[in-house]
Structures are given as structure tokens and as C-alpha cells.
Amino acid sequence: MQKELPSAYDPKTTESKIYELWEKSGFFNPDKLPKTHKKTFTITIPPPNVTGELHMGHALNAVIQDAIIRRKRMQGYKTLWIPGTDHAGIATQNKVEQKLKKENLSRFDLGRDKFIEEVWKWKEQYGNIILHQLKQIGASCDWSRARFTMDDGYANSVSEAFVKYYNKGWLYRALRVVNWCIRCGTSLSDLELEYKGENGKLWHIRYKLENQHLPKKTEIQNSKISEVRYIIVATTRPETMLGDAAVAVNPKDERYKDLIGKNVVLPIQNRNIPIIADYAVDPSFGTGAVKVTPLHDFNDWEIAQRHNLPQYKIINERGRMTKGAGAVCEGLKINECREKVLEELAKQNLLEKTEDFAHQVPHCYRCDSIIEPLANLQWFLKMDQLAKTAMRAVKKREVKFVPKRWDEIYIDWLKNVRDWCVSRQIWWGHRLPVWFCGKSDGFQERMDLDEDIKVGCGQIIVSGEKPRNCPSCKGTNLKQSEDVLDTWFSSALWPFATLGWPDKKSKDLKTFYPTQVLSTDRGIINLWVARMIFSSYEFTGQKPFDNVIIHATVLTKDGRRMSKSLGTGIDPLQLIDKYGADATRFGIAYQAMGGQDIRFAEEHIMAGKKFCNKLWNISRFVLLQTTKDESPMTNRIPKPKSQSDKKILSQFNKMSKLADKYLEQYQFGHAAHALYDFVWHDFADVYLEESKKQIARAETKKQAEITKTILLYILTQTLKLLHPFTPFITEEIYSTLPIKDKKLLIVESWPVKSK
RNA sequence: GGGCGCUUAGCUCAGCGGUUCAGAGCACUGCAUUCACAUUGCAGGGGUCGUAGGUUCGAAUCCUACAGCGCCCACCA
């Protein structure tokens with residue numbers, strides 16, 4: 001006997017009950033799917049940060065991935081969706097540091113080991129919240145395979161990757177100008193910056209030519225200033241002049257031709273620096289003369305290399321002026337030093353003029369502090385070959401972006417990418433598998449870089465395991481590098497590390513790799529996707545995935561970014577609480593029309609709830625008709641009798657093919673619209689009404705039965721098509737249908753055959 | 001500075017060269033309702049498709065310019 005449905009659908013009780021049912025069935029785990037599921041289909045989830053909580057972007061992405069996986073599972077694939085979390089080095093460390101700050105502690109008070117312990121504690125407490133939230137939205141991940149980027153196996157993958165790159169000669173350690181976050185106390189890669197427009201100033205400073213005396217006040221008053229020859233440089237960061245090693249002009253610049261090779265006197269520091277010629281200087285900008293600060297500017301570093309200029313380190317890693325900045329400024333903070341320098345220059349009448357200057361200033365993407373370019377000993381990954389590999393994959397369409405226009409963003413970045421600075425000076429992350437003989441490379445040592453940039457006996461050992469002794473001097477006082485790796489270095493390995501790489505015997509890797517789909521947002525195409533692609537080719541010789549779906553960004557209704565701090569965020573869990581998971585899922589999918597943005601409108605979630613209710617009541621009606629006296633039916637397509645019968649069957653056919661096509665093309669919004677329109681307007685509004693008449697009119701029981709069979713058939717098939725979008729309610733309804741040989745809907749066969 | 005995307009009813013969006021291309025949902029108006037559902041049904045009002053040119057027999061749909069919004073990339077001091 002079939003059970004009867006209550007008159008209103010209650011998401012709360014149904015959802016937890018159904019999710020439990022699925023988990024108990026084991027069908028989230030490909031190994032427990034029926035043996036008929038052979039061909040694999042794999043997605044690895046973009047691992048959310050352990051600091052994260054579900055936001056609308058995650059929700060959209062979860063809906064997309066789950067819809068894909070559920071459809072594929074029903075199509076008979078051996079589906080695997082691997083969940084997990086990312087340790088998110090800087091973000092998590094900052095979070096725990098904030099917590100400590102409330103207790104008036106810094107990480108340095110605790111020391112490294114204690115601090116890491118704190119982070120692990122924090123991770124245990126909060127790190128899995130988002131995974132539980134994903135369950136609430138109905139994600140059918142294989143939780144038994146959940147991974148964390150800091151778990152032991154994963155850490156092994158990371159160090160293996162490092163060693164392999166190193167042995168290939170692609171990882172090297174070098175002194176270079178890097179992006180340095182004073183607050184976080186670490187280097188950052190070029191992609192970890194956020195440029196912000198700022199209204200700054202452009203200061204024009206006079207550098208007096210050598211052998212010219214400084215003008216005195218009286219001389220200026222007597223207009224003798226014209227006799228004093230200067231070269232005027234323009235800068236937005238006057239404090240860096242303390243570290244200048246030269247003034248550069250373009251060799252073709254007529255104004256300065258006769259000055260090339262002469263010296264000027266660097267103000268305040270009072271040392272002679274040469275005027276040099278370099279094509280990197282743009283004669284049309286500012287005065288056409290550039291001050292060159294080798295250790296505190298990217299361009300200047302390059303120029304200094306070409307001209308073999310001396311290096312003056314004037315700002316240290318904590319944002320204080322060093323001894324090299326001179327007695328007047330030593331110990332000052334950068335902005336204090338700027339004031340001081342300007343004051344001195346004014347005093348010496350060396351400020352030609354000050355202009356307003358709007359420019360883009362890089363900020364730390366994690367803490368928003370201004371980035372200081374700083375010369376520092378760091379580890380870099382050579383990008384030339386890897387970038388080529390990554391470009392080839394997309395150009396040859398081995399890896400496809402959906403929509404295709406994202407190809408360009410990806411290729412453009414790779415075309416002129418600089419080597420990747422992969423070392424970070426924070427504590428939470430994968431320690432570099434690097435050992436130094438005798439001395440460490442800790443923070444204190446870095447502070448004295450300008451005095452001594454050598455380490456230990458000079459021997460650096462890169463090894464997956466701690467070496468016994470130094471292969472060079474046999475010393476046993478080996479210290480592991482204090483640095484950790486860029487979080488993105490480890491996430492770059494995600495698709496294959498989660499499946500067991502580098503273990504060659506890994507069954508999962510053999511079975512499920514390469515994966516089929518990666519779905520993520522456009523913000524991390526270069527930060528993450530590009531790096532996964534070259535890492536995969538490099539380490540597995542295969543692509544990591546076939547398709548990269550770049551889904552829409554969810555904005556607020558008035559087009560602003562959803563953000564907790566701005567108070568513009570909408571919490572998907574509150575929507576689930578209010579409308580149910582299916583309604584939320586459907587409403588989100590309904591809005592995912594493939595454009596690059598979704599201006600999120602809650603009305604669509606409400607529409608989703610109404611739609612669920614409609615579906616529920618359609619089912620109640622159909623059950624009312626079919627469970628009284630008929631015996632359970634099979635899945636055969638019923639023979640239509642009336643015009644209405646024919647019409648609804650044909651409409652269903654058309655819609656199901658269309659919806660299936662849309663799903664295959666990852667056009668979720670279109671698929672949802674097609675289903676919605678059919679269910680509501682064709683099936684409910686028209687055919688259900690017609691069926692009442694047909695049943696009433698029927699002269700024989702058999703005639704009525706044809707109509708009922710069609711009702712049940714359409715409902716059954718529609719439930720299957722809807723299941724990827726609204727899994728809970730469809731599973732619940734399906735469980736009540738009077739059908740023979742029923743399985744769980746989650747593994748029932750997809751009603752549209754692929755070509 | 002370079003590149004990309006968006007601009008269609010009050011709101012969120014489809015449509016992307018040709019009788020249903022002027023549409024959907026929400027909102028609004030009117031009527032209906034013991035019969036699966038008021039989380040309903042039926043009917044209706046509402047837009048010179050950002051602006052200005054151009055191509056074409058024909059454009060919301062293609063091209064050009066401009067404007068507004070958003071995003072990505074970039075070491076111009």
C-alpha cells in the first residue's frame with residue numbers, strides 16, 4: 001500500500017530524512033554504486049577556505065556541481081564528487097592572530113609551535129562548518145574521500161611537487177624585489193595584490209649636479225638659482241630616494257644627453273650617484289628623469305641589474321627605515337620617513353613642485369595593507385615552460401573554458417607572467433622541504449639582509465625527508481626553512497593530490513583521473529585554474545579536467561558585491577531555512593542564465609518555493625488518481641488516446657530533450673526555465689485539468705486508466721529531470737509513486753538518452 | 001593604460017537578422033474559487049529594446065562612435 005502525501009510540502013523534515021537516506025544508501029561513493037555504473041565522471045570541489053562559511057557564490061557553485069553530478073549519476077556514470085577544504089595560509093593565520101589579539105597576544109608571544117597548535121585547534125572547531133553547510137544544500141559529495149590541504153597525505157604531495165620542480169631546475173632561490181606585506185610580514189605573488197586607485201602626489205625633486213654648491217637663501221632671492229644645474233626627478237614615494245643608486249634617463253632624450261655619465265648629489269644622503277641611460281625610461285612621463293632605487297622598486301631593480309648599480313636597503317621587513325636610510329631617518333616608519341624627507345628637501349629648497357597624482361596602489365589581498373616592493377631572498381618557480389604548457393592546453397582545446405571568452409583572460413596572463421614567488425614568511429602552511437646547513441633563514445636573519453645574505457655553509461638541501469647531514473660539510477646542524485609555501489602552490493595540486501598522487505599505485509588516481517569538470521568563479525582563473533593546469537601536465541602528464549565552468553558572480557540586487565563586511569551579503573542558509581533547500585537551489589539555478597553576473601533577486605527563490613508546492617500538489621493529484629485501485633505500473637511509455645494525450649506527450653518529449661541539451665551545455669538557467677514552464681503551464685494548467693474531464697468522461701475503466709497512466713508517466717519522468725535541481729522533494733515524491741521495481745530516484749535512469 | 005562584459009516592462013531577466021521579436025517571473029488591476037494547490041486559476045494594464053549614426057528589403061538582434069555600470073590585467077616612476 002502506498003502512503004499518502006500530506007497536503008503541504010514540509011522541507012524541513014523531508015530534507016534531513018532524505019539526506020540521511022542517501023548517505024545510508026552509499027550512492028555518494030562511486031564504489032558503492034551499482035556495478036552497472038562503469039564509466040567514471042569526476043569533479044573535485046574548489047576547496048573552500050577553512051575560514052569560510054557558505055555564501056551565495058558557494059551556493060551557486062554547489063548547485064551547479066551537484067546538478068551535474070546527479071544527472072551523470074542517473075545517466076549511469078560512476079560519479080565522484082570530492083569535497084574538501086583549503087588551509088588558506090594567510091587568511092587563516094590572520095584569523096587566529098585576530099583571535100589572539102583579543103587576548104593581547106601576538107603569534108610571536110606564543111612561538112611557532114604553539115601558534116600552529118592554536119591554528120589546528122581553530123581548524124578543528126570551525127574548519128568543517130562549510131562542509132556541513134554544503135550537506136544542507138543537498139550536495140552529493142563523497143564525504144568519505146574529503147580532503148584537507150594540510151592533511152598528511154596532501155602535505156606529502158606538496159613536498160613531492162616542490163622537490164620535483166627543484167630537481168628540474170625550475171625552483172630557485174634568489175634575491176629579488178618582491179611584493180611585501182608589512183602587516184602580514186610576508187612576500188606575496190603578483191596575483192595576491194589588489195590595486196586600488198588613490199589620489200597621491202607626484203613630488204618633483206631637484207638633484208644637484210656634482211661640484212655645484214647648494215644655493216643659499218640669499219642666492220635664490222637674488223635669482224641666481226638658474227646658475228645652479230639640477231636634474232629634476234619625479235616620484236610618488238619620496239622616502240625611497242634615500243636608497244637611490246642612480247638617476248636614469250632615456251638615451252634618446254635630447255634634454256639630458258649631455259648629462260649622461262655625470263654625477264648628481266643625492267640629497268640628505270649626500271652621496272654621489274651617476275646619471276645613466278636606460279631605454280626603460282619613458283621620456284614623456286614626469287620630467288623624463290627617474291630616480292633609481294634598486295632594492296625597493298621592480299623597475300629600478302631591473303635597471304640596476306643592467307647597470308650593475310650598488311644596492312641600498314633602506315626599508316626593512318617590518319616597514320621601518322634601516323640604518324642604510326641614514327641617521328636622520330633610521331627607525332622611522334615609512335610614512336613618518338616620507339614626512340621627514342619632504343621636510344628636509346623643502347628646507348634645502350630641493351622641492352621643485354608637487355602635483356596631484358591619481359594612481360593605482362597595490363594592497364594586500366588578505367589584510368588590505370599597502371604593499372612595499374622590497375628586495376628579499378625568496379623561492380621562485382620558473383614560469384616560461386609551465387606557462388607554455390598551460391597555454392597550449394587551452395589553445396588546443398584540451399581544456400575548455402565555458403563560456404569560451406575566458407580563454408583570453410587566461411592566455412593573456414600567461415603570456416607575460418613573471419616567475420612565481422612561492423615562499424611565504426608566515427607560519428601556517430606547508431614548510432618548504434628545504435634544509436640549511438648551520439643557520440636558518442628565519443625572520444631575524446632576513447632583517448639583516450643588507451649585511452649578510454648568505455646562509456650557513458652555503459649548502460641548501462632540498463629533500464622530501466630531513467637529511468641526516470650536510471652532503472657538503474657533513475655537518476649535522478641542519479635547520480628546515482622557516483618559510484611556508486604559497487597556499488596556491490598546494491591548491492594547484494588539488495585535482496590529482498586528492499586522488500592519491502604521487503602514489504603510483506593509487507587506484508583512485510588511475511580510476512578517476514583526469515576529472516571532467518571544474519566549476520569555479522572568474523576571480524581565480526589565473527590564481528588557481530591556470531596553476532592546476534600546468535601542475536597537472538607537469539606531474540601527471542595529463543590534463544586535470546576537460547571543462548572549466550566559470551559561473552556567474554552573484555551580486556546584490558542593486559549590482560554591488562555581496563560582502564559580509566558591507567552588510568550586503570545574503571546568507572543561503574537563511575534562504576534554506578525560510579524556503580527550503582530545493583526552492584533555494586531552484587531559485588538560484590533559475591537565475592543562472594549564463595551571463596557573467598547575477599543580480600540576486602529573492603523573488604526567484606520564492607518562485608522556487610511555489611514551484612515546489614505546485615509540484616507537490618500535482619503529485620498529490622496524480623496519486624489520488626492512481627493509487628486507489630490500479631496496480632503498480634512500469635516505465636513503459638503509455639499509448640496516447642486523445643488529442644490532449646498526444647499533445648502532452650509530445651510537449652514532454654520536446655521539453656525533456658531541450659532541458660537535457662541545456663544541462664549538457666551547462667546552461668542551468670535555461671534548463672530550469674524549460675522545466676518550470678512545462679510543469680506549470682503545460683502539465684498542471686492544461687493537462688491536469690483535461691485529465692479530470694477525460695477520467696470523468698471515460699466509459700470504461702480501461703479508458704480512464706490510459707489517462708491515469710499518462711499522468712503517472714509524465715510525473716515520473718519529470719521528477720527525474722527535476723532531480724538535479726530539486727533533489728529532496730523529487731526523491732520524497734518518487735518514494736510514494738505506485739511503480740514497480742523502484743530504486744532510489746538518485747540512481748534511477750535518466751529519461752533522455754544521449755546521442 | 002590595455003582588455004572583457006552588461007545596459008529590453010516598476011524589479012530580476014529571456015530573446016541576439018524575418019509570420020508568435022516585443023516575452024517570462026515577481027509586483028500591479030479585475031474576475032473566479034467547496035472539485036491537487038490561494039504558495040491557486042483566468043483575464044488585463046505596462047516597454048519608441050542606453051544614446052547617435054550606419055549596413056540591410058527588413059535590426060532589440062550586425063557594424064561604428066558615445067555614455068553609464070561592473071569586472072579582469074598592468075612595475076610607468
Side-chain angles (χ1 to χ4, degrees), chain A residues 5 7-9 177 179 190-191 193-195 200 202-205 233-238 240-241 247-248 280-293 297-303 357 359-360 362 371 373 403 405-418 521-527 552-553 555 557-561 579-580 583 587 590-625 669-670 672-673 676-677 680-681 684-686 688-689 691-692 696 711:
Chain A
L5 296 176
S7 63
Y9 173 60
V177 174
N179 307 298
D190 297 332
L191 287 175
L193 314 178
E194 275 173 12
Y195 285 89
L202 192 60
W203 285 275
H204 290 62
I205 307 171
V233 297
T235 181
T236 55
R237 297 190 301 151
T240 61
M241 63 149 296
V247 170
V281 180
D282 175 1
S284 67
F285 185 87
T287 62
V290 190
K291 55 189 276 315
V292 181
T293 320
D297 183 277
F298 286 94
N299 275 323
D300 295 2
W301 171 263
E302 297 294 327
I303 294 176
F357 186 69
H359 60 147
Q360 300 285 317
I371 294 300
R405 71 183 131 90
W406 298 109
D407 284 15
E408 217 176 315
I409 301 278
Y410 168 92
I411 303 252
D412 278 356
W413 178 70
L414 288 166
K415 250 188 223 160
N416 32 22
V417 63
R418 293 193 298 193
D521 76 275
R522 61 176 185 246
I524 51 179
I525 289 175
N526 299 325
L527 211 45
T553 301
L555 303 173
K557 200 164 181 175
D558 49 345
R560 291 186 299 160
R561 202 174 193 92
Y579 303 104
Y590 194 84
Q591 293 179 70
M593 295 305 288
Q596 70 170 354
D597 292 344
I598 293 172
R599 291 188 173 208
F600 183 79
E602 194 165 323
E603 294 94 276
H604 294 297
I605 310 294
M606 282 185 234
K609 185 175 160 85
K610 286 188 183 181
F611 181 64
C612 287
N613 190 254
K614 192 76 183 172
L615 188 65
W616 187 256
N617 281 293
I618 288 169
S619 309
R620 286 182 64 220
F621 174 77
V622 173
L623 282 169
L624 214 63
Q625 302 302 328
H670 285 93
H673 277 80
Y676 181 96
D677 291 342
W680 205 300
H681 302 302
D685 288 349
V686 180
L688 248 63
E689 294 308 320
S691 76
K692 290 175 190 170
L711 283 173

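Order of the sequence lines fixes the chain letters, A, B, ..., with proteins taken first and strands second; residue numbering starts at 1 for each chain.
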Visitor: Give the rounded distance in Å between these two atoms: CD1 of A:Ile618 and P of B:C37.
Guide: 13 Å
Visitor: Side chain of A:Leu624: nearest nucleotide among B:C13, B:A36, B:G5?
Guide: B:A36
Visitor: For atom C1', what is the distance between B:C37 and B:C42, given to the nearest Å?
Guide: 16 Å
Visitor: In B/S/- notation, 5' to 3', how is nucleotides 71-77 of chain B contacted by protein heavy atoms closer than 4.0 Å?
Guide: SSSBBBB
Visitor: Nearest whole angstrom, please: distance from the C1' of B:C4 to the CD1 of A:Ile525.
Guide: 11 Å
Visitor: Is A:Glu689 side chain donor-acceptor paired with the B:A36 base, going by distance under 3.5 Å alone?
Guide: yes
Visitor: Under 3.5 Å between N/O atoms: give me all the protein pairs with nucleotides 15-17 of chain B, atom names plus distance.
Guide:
from: B:G15; atom 1: OP1; to: A:His670; atom 2: NE2; distance (Å): 3.4

Visitor: Work out which heavy atom in A:Lys291 is nearest to a heavy atom in A:Asp300; give both atom names and the distance.
Guide: O-OD2, 3.2 Å
Visitor: What integer number of Å spans the P atoms of B:G18 and B:A59?
Guide: 12 Å
Visitor: Taking only residues two or more places apart in sequence, or in another chain, which ones meet A:Pro373 in a side chain to side chain contact (heavy atoms under 4.5 Å, CB included)?
Guide: A:Val177, A:Arg237, A:Phe298
Visitor: Does any pair with a residue in residues 606-615 of chain A pass side chain to side chain donor-acceptor pair (under 3.5 Å), and if so which ones, sequence neighbours excluded?
Guide: A:Asn613-A:Asn617
Visitor: How is A:Ala684 classified with respect to the nucleic acid when contacts are heavy atoms under 4.0 Å: base, sugar-phosphate, or nothing?
Guide: base
Visitor: Can you tell me the distance, in whole Å, between the CZ atom of A:Arg620 and the P atom of B:U40?
Guide: 15 Å
Visitor: Using a 4.5 Å cut-off on heavy atoms from C-beta on, say whether the side chain of A:Leu688 contacts that of A:Leu711.
Guide: yes
Visitor: Base, sugar-phosphate, or nothing: which does A:Asp300 touch, judged by heavy atoms less than 4.0 Å apart?
Guide: nothing
Visitor: Which stems does RNA chain B form, counting runs of 3 or more consecutive Watson-Crick or G-U wobble pairs with both distances under 3.5 Å?
Guide: B:1-7 with B:67-73, B:10-13 with B:23-26, B:28-32 with B:40-44, B:50-54 with B:62-66
Visitor: Please give, in whole Å, the distance from B:C37 C1' to A:Lys609 NZ?
Guide: 13 Å
Visitor: Mind checking ring pair (Phe, Tyr, Trp, His ring centres under 6.0 Å) for A:Phe611 and listing every partner two or more places apart, or none if nothing turns up?
Guide: A:Phe586, A:Tyr676
Visitor: Apply side chain to side chain contact (heavy atoms under 4.5 Å, CB included) to A:Asp677 and list each qualifying residue two or more places apart in sequence or on a separate chain.
Guide: A:His681
Visitor: Not counting sequence neighbours, which residues clear salt bridge (charged side-chain N to carboxylate O under 4.0 Å, His left out) with A:Asp412? List them please.
Guide: A:Lys415
Visitor: Before giving the answer on salt bridge (charged side-chain N to carboxylate O under 4.0 Å, His left out), spell out for A:Arg522 and A:Asp597 the whole-Å C-alpha distance, their side-chain angles and the decisive distance to 0.1 Å.
Guide: CA-CA 11 Å; A:Arg522 61 176 185 246; A:Asp597 292 344; 3.1 Å; yes
Visitor: Examine B:A36: is either OP1 or OP2 under 4.0 Å from a nitrogen or oxygen in the side chain of A:Lys692? Give yes or no.
Guide: yes
Visitor: Between B:G10 atom C1' and A:Lys557 atom NZ, what is the distance in whole Å?
Guide: 10 Å
Visitor: Could you give the distance separating B:G23 and B:G3 at their P atoms, to the nearest angstrom?
Guide: 39 Å
Visitor: Give me the atom names and distance for the closest heavy-atom approach of A:Thr236 to A:Phe357.
Guide: CG2-CD2, 3.5 Å
Visitor: Tell me, please, which residues at least two apart from A:Glu602 pass salt bridge (charged side-chain N to carboxylate O under 4.0 Å, His left out).
Guide: A:Lys578
Visitor: Which pair of heavy atoms, one from A:Cys612 and one from A:Ala583, lies closest together, and at what distance?
Guide: SG-N, 4.0 Å
Visitor: Could you state the atom-to-atom distance from CD of A:Gln625 to C1' of B:C35 in whole Å?
Guide: 11 Å
Visitor: Suppose you measure atom P in B:A60 against the same atom in B:A52; what distance do you get, rounded to whole Å?
Guide: 13 Å
Visitor: Nearest whole angstrom, please: distance from the P of B:C6 to the CD1 of A:Ile598.
Guide: 15 Å
Visitor: The criterion is ring pair (Phe, Tyr, Trp, His ring centres under 6.0 Å); which residues satisfy it with A:His204, sequence neighbours excluded?
Guide: none
Visitor: With rounding to the closest Å, how many angstrom separate the P atoms on B:G58 and B:G45?
Guide: 31 Å
Visitor: Tell me every residue that passes salt bridge (charged side-chain N to carboxylate O under 4.0 Å, His left out) with A:Glu302, counting only those two or more places apart in sequence or in another chain.
Guide: none
Visitor: I need the CD1-C1' distance between A:Ile605 and B:C11, as an integer number of Å.
Guide: 15 Å
Visitor: C1' atom, B:A14 versus B:U8: distance in rounded Å?
Guide: 10 Å
Visitor: Please give me the minimum heavy-atom distance between A:Arg599 and A:Gln591, naming the atom from each residue.
Guide: O-OE1, 3.6 Å
Visitor: For nucleotides 21-31 of chain B, give me every protein contact, N/O to N/O, under 3.5 Å, one pair per line with atom names.
Guide:
none

Visitor: Distance check, C1' atoms only: B:G5 and B:G44, in whole angstrom units.
Guide: 37 Å
Visitor: List the atom of A:Leu193, the atom of A:Pro362, and the distance in Å for their closest heavy-atom pair.
Guide: CD1-CB, 4.1 Å
Visitor: How far, in whole Å, is B:U61 from B:U56 if one measures between their P atoms?
Guide: 16 Å
